**Student:** 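To start, I am sharing the structure in question, which I have written as structure tokens.
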Amino acid sequence: MTARIAAGIVLLAALLRAEPASVILISIDTLRADHLSAYGYRRIRTPNIDSFAQQGTIFGQIESQVPLTLPSHTSLFTSTYPFQNQIEENAERVPARAVTLASVLRAHGYKTAAFIGSVFLESEMGLDQGFEVYDSPFHFEAFSPISGTMFFGGASRNNYSVRDRRDGALVLGAARRWLAANRGANAFVFAHLFDLHKPYVRRGYDAELAYTDKILGALKQALVAGGWWRRSIVIVLSDHGEALGDHGEDSHGYFIYESTLHVPLLVHWPDGAPAHAARDNRPAALMDVAPTVLDFLHIAAPPSFEGRSLLAAGAVRLVYSESVYAHDGFGWAPLRGLREGAYKYIEAPKPELYNLAADPHEQVNLIANEPDRARQLRNELQKLVAAHAPKQPSSPAAISPRTRALLASLGYLSGSARRRSGAAPPDPKDRLPEYRLYESAQTSLYNGRLEEAAATLRRLLARDPQNPLALRDLGATYIEQHAYAKARDCLEKVAVSDPDDYMAQFELGLAYKNLSQFDAAREHFEAACRVAPEAEQCRRELDALRKQSPAR
């Protein structure tokens with residue numbers, strides 16, 4: 001009898017292994033790894049999130065490729081570098097026919113569904129490719145290439161009066177209903193939670209994290225009760241962290257220090273899976289997650305995937321990271337980094353080198369002490385970029401400013417984007433006071449304190465007179481204050497340097513309209529409508545202007 005039972009257990013295990021596993025992927029936006037108790041945090045406990053590593057693996061040294069929501073998720077799902085896929089800001093559209101984890105799994109018979117918590121991943125951005133269901137109740141029609149932001153192009157001009165996020169409980173509720181309706185299917189389900197992202201609804205970052213832990217506890221119970229837990233790979237990760245004041249940065253996207261790059265990755269393996277280590281502390285990348293899933297499922301990774309399966313043994317990996325936000329928004333230098341083992345190199349006008357094993361908070365720059373190691377990592381960074389950067393167009397003038405800055409900083413081109421008076425762009429570290437002024441102005445704008453915001457932006461421009469985002473946002477603030485001539489003077493400078501910025505063109509049209517300069521107003525409304533043809537507010541203004549003052 002005992003032998004029969006043992007044989008039955010062996011047979012059951014074999015059947016479970018033969019059953020294709022479902023995949024449930026949960027992204028907790030803006031969660032830094034060291035705020036989970038599984039990673040050593042003690043101020044609050046996160047037992048429910050930690051429990052997703054039961055019968056699984058905690059990966060202790062996972063890095064985001066870029067600390068912004070859409071670019072990071074694009075690298076996650078396409079397993080490509082941000083500079084390679086060219087999604088490096090939040091307001092850029094993923095190209096059609098991108099090969100994603102969802103599209104690969106759907107091609108192998110999986111039912112695919114996504115449940116989205118933020119406008120940054122709305123379907124218009126193109127990351128819905130491969131999903132049969134993409135539950136994203138947002139619709140922003142206009143996008144800014146210099147600030148990485150979306151604008152509501154509907155009847156209202158107030159971006160803050162429209163819905164740009166939804167509570168995580170609603171996201172997970174929709175996901176649970178789909179799971180209940182599709183019980184028994186082979187499925188890939190993606191849920192995106194945005195509660196940790198500023199501005200906070202609750203009292204601070206840890207309070208939002210405690211709430212997120214609570215609602216994920218309810219999801220875990222539903223997964224167990226519905227049978228999904230035993231037969232699924234369940235993955236919890238984050239797209240990027242949050243600086244919370246580290247290195248003078250309050251949020252994320254500006255620097256590429258570990259506070260915004262080091263993210264959690266917890267993987268629960270289904271019943272019957274081969275044994276895996278409970279903890280894996282090898283440095284690795286978010287772009288390694290998709291190849292890991294396919295490796296586990298015995299599905300060949302597509303040739304476009306650049307990441308490597310975390311299930312594979314092997315040599316130390318090179319882990320790439322970047323941020324071009326300071327470059328795109330302010331005209332300062334882009335940042336790129338490369339990690340090899342414990343050492344991390346940051347390419348900047350003032351380069352940096354850190355030993356993360358001895359100095360996890362990156363307080364001691366070793367660039368002068370270990371020049372040979374820094375040179376070796378810079379060379380590796382050069383080779384990686386050269387091997388994976390998009391092919392250079394035949395005409396140098398067709399190279400985007402960002403790609404030109406990327407290649408020029410590594411010695412591939414002469415010149416750089418947004419150079420001022422022939423000088424090299426400044427190091428973001430040296431412009432931190434100006435950046436903090438900009439962030440302060442954004443807070444004032446969000447809270448409706450227009451004069452306070454305008455005064456702060458003027459202070460910033462006194463330090464950095466050609467700053468594109470400061471000029472654009474000061475111009476928009478002047479529009480709200482009906483100071484149309486002042487608005488025109490600011491916005492004209494932005495329209496010259498960044499003609500494809502929707503907000504600059506639209507607000508400039510408003511300024512000229514209210515100054516009764518109708519031909520100029522029409523010109524800029526037409527430019528805005530070309531950038532965002534679906535924006536209702538732009539079409540409405542242009543139609544009204546044409547009726548009021550037909551073109552001569």
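No experiment lies behind these values; they were computed from the predicted model shown.
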**Student:** Using the side chain to side chain contact (heavy atoms under 4.5 Å, CB included) criterion, which residues pair with Ser147? Sequence neighbours excluded.
**Tutor:**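 Ser147 satisfies side chain to side chain contact (heavy atoms under 4.5 Å, CB included) with Ser144, Thr149, Leu469, Arg472 once adjacent residues are dropped.
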
**Student:** Do Phe83 and Glu88 come within less than 4.5 Å of each other through their side chains, counting heavy atoms only?
**Tutor:**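 With C-beta onward as the side chain, the pair touches.
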
**Student:** Could you state the interatomic distance from OG (Ser136) to CG (Asp128), rounded to the nearest 0.5 Å?
**Tutor:**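 It comes to 8.5 Å.
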
**Student:** Among residues at least two apart in sequence or on other chains, which ones pass side chain to side chain contact (heavy atoms under 4.5 Å, CB included) with Asp430?
**Tutor:**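 Side chain to side chain contact (heavy atoms under 4.5 Å, CB included) list for Asp430, sorted by chain: Lys350, Asp427.
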
**Student:** Can a salt bridge be assigned to the pair Arg166 and Asp135 using a cut-off of 4.0 Å between side-chain N and carboxylate O?
**Tutor:**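 Asp135 and Arg166: salt-bridged.
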
**Student:** Considering non-hydrogen atoms only, spot the tightest contact between Thr80 and Asn85 and give its length.
**Tutor:**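 In this case the closest contact between Thr80 and Asn85 is OG1-ND2, 2.9 Å.
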
**Student:** Pair up each side-chain donor or acceptor in residues 255-266 with any protein partner under 3.5 Å, not counting sequence neighbours, and list the distances.
**Tutor:**
from, atom 1, to, atom 2, distance (Å)
Tyr257, OH, Glu352, OE1, 2.7
Tyr257, OH, Glu352, OE2, 3.4
Glu258, OE2, Lys344, NZ, 2.8
Thr260, OG1, Tyr257, O, 3.2
His262, NE2, Gly60, O, 2.8

**Student:** Do Ile116 and Phe190 have side-chain heavy atoms sitting under 4.5 Å apart?
**Tutor:**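 In contact.
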
**Student:** If I take atom OH from residue Tyr81 and atom CE from residue Met287, how far apart are they, to the nearest 0.5 angstrom?
**Tutor:**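 Between Tyr81 OH and Met287 CE, I get 4.5 Å after rounding to 0.5 Å.
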
**Student:** Report the C-alpha distance between Ser27 and Asp239 in whole Å, list the side-chain angles of each, state the deciding distance to 0.1 Å, and finish with yes or no for side-chain hydrogen bond (donor to acceptor under 3.5 Å, both in side chains).
**Tutor:** CA-CA 7 Å; Ser27 175; Asp239 56 344; 4.8 Å; no

**Student:** Return the minimal non-hydrogen interatomic distance between Tyr502 and Ala532, and the atom names on each side.
**Tutor:**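 Here Tyr502 and Ala532 meet closest at CD1-CB, 3.6 Å.
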
**Student:** Between Leu366 and Tyr354, does a side-chain contact (heavy atoms from CB on, under 4.5 Å) hold up when you go through it step by step?
**Tutor:** CA-CA 6 Å; Leu366 301 173; Tyr354 298 101; 5.8 Å; no

**Student:** Do side-chain atoms of His247 reach the backbone of His361 as a donor and acceptor pair under 3.5 angstrom?
**Tutor:**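 Yes, the answer is positive, given that a donor and an acceptor are paired below the 3.5 Å cut-off.
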
**Student:** Any chance you could lay out the side-chain contact (heavy atoms from CB on, under 4.5 Å) test for Leu491 and His524, step after step, and finish with the verdict?
**Tutor:** CA-CA 11 Å; Leu491 293 165; His524 291 290; over 6 Å; no

**Student:** Using atom types as modelled and distance alone, determine if a side-chain donor or acceptor of Asp464 lies under 3.5 Å from a backbone N or O of Leu460.
**Tutor:**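 Here the side-chain-to-backbone pair does not exist.
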
**Student:** Please find the pair of heavy atoms, one from Asp34 and one from Tyr39, that lie closest to each other, and give the distance.
**Tutor:**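 Smallest interatomic distance, heavy atoms only, reads CA-CB, 4.3 Å.
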
**Student:** Using 0.5 Å steps for rounding, measure from the CG atom of Leu335 to the OH atom of Tyr254.
**Tutor:**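 The CG atom of Leu335 sits 8.0 Å away from the OH atom of Tyr254.
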
**Student:** So, is the end of the Arg202 side chain (NZ or CZ) under 6.0 Å from the ring centre of Tyr211 and within 45° of the ring's axis?
**Tutor:**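 Yes; both conditions hold, so Arg202 lies above the ring face of Tyr211.
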
**Student:** Test of understanding: with side chain to side chain contact (heavy atoms under 4.5 Å, CB included), list the residues that count as partners of Thr456, not counting sequence neighbours.
**Tutor:**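 Partners of Thr456 under the side chain to side chain contact (heavy atoms under 4.5 Å, CB included) test: Leu437, Ser440, Ala441.
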
**Student:** Ignoring hydrogens, what is the shortest heavy-atom contact between Pro351 and Pro349? Give both atom names and the distance.
**Tutor:**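 Shortest heavy-atom contact: CD-O, 3.4 Å.
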
**Student:** When you check the gap from the basic side-chain N to the acidic O, do Asp489 and Lys486 get nearer than 4.0 Å?
**Tutor:**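 Salt bridge flag = no for Lys486 with Asp489.
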
**Student:** Any side-chain heavy atom of His482 within less than 4.5 Å of one from Asn514?
**Tutor:**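 In short, these two side chains do not touch, never coming nearer than 4.5 Å.
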
**Student:** Under 30°, 30 to 60°, or over 60°: which ring-plane class applies to Phe131 and Tyr134, parallel, tilted or perpendicular?
**Tutor:**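 Ring orientation of Phe131 relative to Tyr134: tilted.
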
**Student:** Would you check if Tyr438 and Leu457 make a side-chain contact, meaning some heavy-atom pair closer than 4.5 Å?
**Tutor:**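 Side chain of Tyr438 against side chain of Leu457, heavy atoms only: contact under 4.5 Å found.
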
**Student:** If I take atom CG from residue Leu237 and atom CG from residue Leu76, how far apart are they, to the nearest 0.5 angstrom?
**Tutor:**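 Answer rounded to 0.5 Å: 6.0 Å.
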
**Student:** Using modelled atom types only, decide if a donor and an acceptor are shared between the side chain of Gln129 and the backbone of Pro95 within a distance under 3.5 Å.
**Tutor:**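 It does hold such a pair.
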
**Student:** Evaluate the salt bridge (charged side-chain N to carboxylate O under 4.0 Å, His left out) criterion for residues Arg32 and Asp246: first the C-alpha distance (whole Å), next the side-chain angles of each, then the deciding distance (0.1 Å), finally the verdict.
**Tutor:** CA-CA 12 Å; Arg32 54 187 283 172; Asp246 292 353; 3.1 Å; yes

**Student:** Before you tell me yes or no, could you show the steps for Tyr41 and Leu36 under side-chain contact (heavy atoms from CB on, under 4.5 Å), namely the whole-Å CA-CA distance, both residues' side-chain angles and the distance that decides it to 0.1 Å?
**Tutor:** CA-CA 5 Å; Tyr41 198 56; Leu36 290 181; 5.7 Å; no

**Student:** Cut-off 3.5 Å, side chains only: do Gln65 and Ser75 have a donor facing an acceptor?
**Tutor:**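 There is no such pair (donor and acceptor under 3.5 Å, judged by atom type) between the side chains of Gln65 and Ser75.
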
**Student:** Side-chain contact test, heavy atoms from C-beta onward, threshold under 4.5 Å: evaluate it for Val201 versus Asp195 and give yes or no.
**Tutor:**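 No, too far: nothing below the 4.5 Å cut-off.
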
**Student:** How many angstroms lie between NE2 in His240 and CG in Leu68, if you round to the nearest 0.5 Å?
**Tutor:**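 Reported to 0.5 Å precision, the distance equals 6.5 Å.
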
**Student:** Report yes if the side chains of Asp29 and Leu121 come closer than 4.5 Å at any heavy-atom pair, otherwise no.
**Tutor:**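 Side-chain contact under 4.5 Å: no.
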
**Student:** Hey, what do you get for CD (Gln505) to CG (Asp498), rounding to the nearest 0.5 Å?
**Tutor:**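 Result: 10.0 Å between the selected atoms.
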
**Student:** Given side-chain hydrogen bond (donor to acceptor under 3.5 Å, both in side chains), test Tyr325 with His327 step by step and report yes or no.
**Tutor:** CA-CA 5 Å; Tyr325 174 66; His327 170 266; over 6 Å; no

**Student:** Quick test of your reading of the model: are Arg436 and Asp250 salt-bridged, counting only N-O distances below 4.0 Å?
**Tutor:**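 Salt bridge between Arg436 and Asp250, a charged N being under 4.0 Å from a carboxylate O: yes.
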
**Student:** Pair Lys198, Tyr446 - check side-chain contact (heavy atoms from CB on, under 4.5 Å), show working.
**Tutor:** CA-CA 11 Å; Lys198 289 183 177 179; Tyr446 188 86; over 6 Å; no

**Student:** Strictly distance-based, threshold 3.5 Å: is any side-chain N or O of Ser118 a donor or acceptor partner for the main-chain N or O of Arg165?
**Tutor:**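 Side chain of Ser118 to backbone of Arg165: no pair is present.
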
**Student:** Looking only at heavy atoms, what is the nearest atom pair of Asn365 and Ile367, with distance?
**Tutor:**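 That would be OD1-N, 3.1 Å.
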
**Student:** Does Gln363 use its side chain to pair, donor to acceptor, with the backbone of Asp359 at less than 3.5 Å?
**Tutor:**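 No: the side chain of Gln363 does not pair with the backbone of Asp359.
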
**Student:** With distance as the sole test, does Asp167 use its side chain to make a donor-acceptor pair with the main-chain N or O of Ala169 at under 3.5 Å?
**Tutor:**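 Such a contact is found between Asp167 side chain and Ala169 backbone.
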
**Student:** Ion pair present between Arg458 and Glu451, side-chain N to carboxylate O less than 4.0 angstrom?
**Tutor:**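 The answer is yes: the pair qualifies as a salt bridge.
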
**Student:** Which heavy atom in Phe194 sits nearest to a heavy atom in Gly117, and how many Å separate them?
**Tutor:**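 Answer, listing the atom of Phe194 first, then Gly117: CB-O, 3.6 Å.
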
**Student:** Do the side chains of Pro82 and Tyr320 get nearer than 4.5 Å, heavy atoms only?
**Tutor:**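 When only atoms from C-beta onward are counted, Pro82 and Tyr320 do touch, with a gap below 4.5 Å.
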
**Student:** Apply salt bridge (Lys or Arg N to Asp or Glu O under 4.0 Å) to Arg539 and list each qualifying residue two or more places apart in sequence or on a separate chain.
**Tutor:**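 Arg539 satisfies salt bridge (Lys or Arg N to Asp or Glu O under 4.0 Å) with no other residue.
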
**Student:** Quick one, Trp332 and Glu434 - any side-chain contact, counting heavy atoms below 4.5 Å?
**Tutor:**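 A side-chain contact under 4.5 Å exists here.
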
**Student:** Is any NZ, NE, NH1 or NH2 atom of the basic residue among Arg336 and Glu347 found under 4.0 Å from an Asp or Glu carboxylate oxygen of the other?
**Tutor:**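 Here Arg336 does not pair with Glu347 in a salt bridge, since their nearest N and O are not under 4.0 Å apart.
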
**Student:** Are the side chain of Asp213 and the backbone N or O of Ile49 linked by a donor-acceptor pair below 3.5 Å?
**Tutor:**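 The answer is yes, because a donor-acceptor pair under 3.5 Å joins these two groups.
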
**Student:** For Glu249, what residues pass the salt bridge (Lys or Arg N to Asp or Glu O under 4.0 Å) criterion, not counting sequence neighbours?
**Tutor:**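 Expected list: none.
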
**Student:** Show your reasoning for whether ring-ring contact (aromatic ring centres under 6.0 Å, His included) applies to Phe506 and Phe525.
**Tutor:** CA-CA 6 Å; Phe506 179 74; Phe525 283 138; 5.7 Å; yes

**Student:** If we check side chain to side chain contact (heavy atoms under 4.5 Å, CB included) with Ile87, which of these qualifies: Arg93, Met125, Glu92?
**Tutor:**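 Only one option passes, and that is Glu92.
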
